[in-house]
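Since we're looking at a predicted model, the values are computed, not measured. Order of appearance sets the numbers: ligands from 1, and atoms from 1 within every ligand.
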Amino acid sequence: MKTIVAGNWKMNLDPAQSIDLVSSLKAGLVKFPNTECVIFPPYTSITLLSELLSGSIIKLGAQNIHPEESGAFTGEVSALMIKNYCSHVILGHSERRIIFGETDDFINRKVLTSLKSGITPILCVGETLKQREAGLALSVCLDQLIKGLAGIKPENLSQVVVAYEPVWAIGTGMSASPVIAQEIMGSLRNQFSEKISKEISEIPFLYGGSVNADNAIDFAKEKDINGALVGGASLDANAFIQIAKSMVDGK
Ligand code: PGA
């Protein structure tokens with residue numbers, strides 16, 4: 001199984017700051033076997049960074065797309081616009097679900113569009129603290145996973161990546177314990193495999209939510225964790241490089 005270390009910059013860094021960060025990443029990130037490092041800058045930096053990263057081991061991704069290919073959707077960006085620059089796209093992030101009201105159906109349309117365009121979707125699922133406390137963590141995540149991946153043929157499932165990101169752990173400094181993350185991620189794999197498609201066992205599952213240079217290694221040691229989706233710590237080159245190293249060393 002391949003390892004993926006993804007850096008979600010969110011709405012941070014202008015083009016000049018993006019170039020600075022990528023220059024440091026290029027200087028410090030070495031090629032790890034069977035591992036992909038992907039950064040997700042804001043759209044305004046994508047074409048610039050694409051030139052800077054040509055021939056580099058670092059891949060580029062987008063933080064979102066609209067499900068349609070073009071049209072009257074003010075402020076949106078389509079898969080066709082980014083497909084020459086981006087190998088991956090983050091979909092269903094809890095900030096999109098909660099702040100921007102994205103539904104499972106809308107997210108599913110984006111997942112299908114990204115696959116059609118040859119872009120690997122990283123589908124995020126995760127429960128809120130309230131849902132966890134009500135004992136609903138697994139059922140909420142499984143429901144998001146099944147709805148997000150609806151309509152994908154089993155043979156195309158291998159092109160998808162899943163990220164488990166408990167909402168209460170994002171940007172809070174309060175990461176899930178590796179044991180909690182493993183418990184949900186292992187069960188998600190098993191239940192999806194039983195109910196929908198066995199092919200799920202072959203795709204990478206990433207953990208996200210307050211991953212940092214110190215705790216990454218403990219997540220990497222868990223059986224069903226194949227990488228990390230990193231927010232805050234991906235804005236610091238040294239931290240991101242250390243996380244990538246830990247994700248490989250821990251396996
Ligand atoms: P965080 O964000 O690492 O800052 O918690 C993770 C994410 O939102 O993908």
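For a heavy-atom separation below 4.0 Å, the residues in contact with ligand 1 are N8, K10, H93, E165, A169, I170, G171, G209, S210, L229, V230, G231, G232.
A distance-only check finds a donor-acceptor pair linking the side chain of T172 to the backbone of W168 [under 3.5 Å].
Side chains of Q63 and W9: no donor on one and acceptor on the other come within 3.5 Å. Residues E51 and T47 have side chains that never bring a donor and an acceptor to within less than 3.5 angstrom of each other. Residues N226 and K251 have side chains that never bring a donor and an acceptor to within less than 3.5 angstrom of each other.
Note on ring orientation: taking the six-membered ring where Trp is involved, the planes of H88 and F40 are perpendicular (angle over 60°, cut-offs 30° and 60°).
Within the cation-pi definition used here (under 6.0 Å to the ring centroid, within 45° of the axis), R96 qualifies as a partner of F100.
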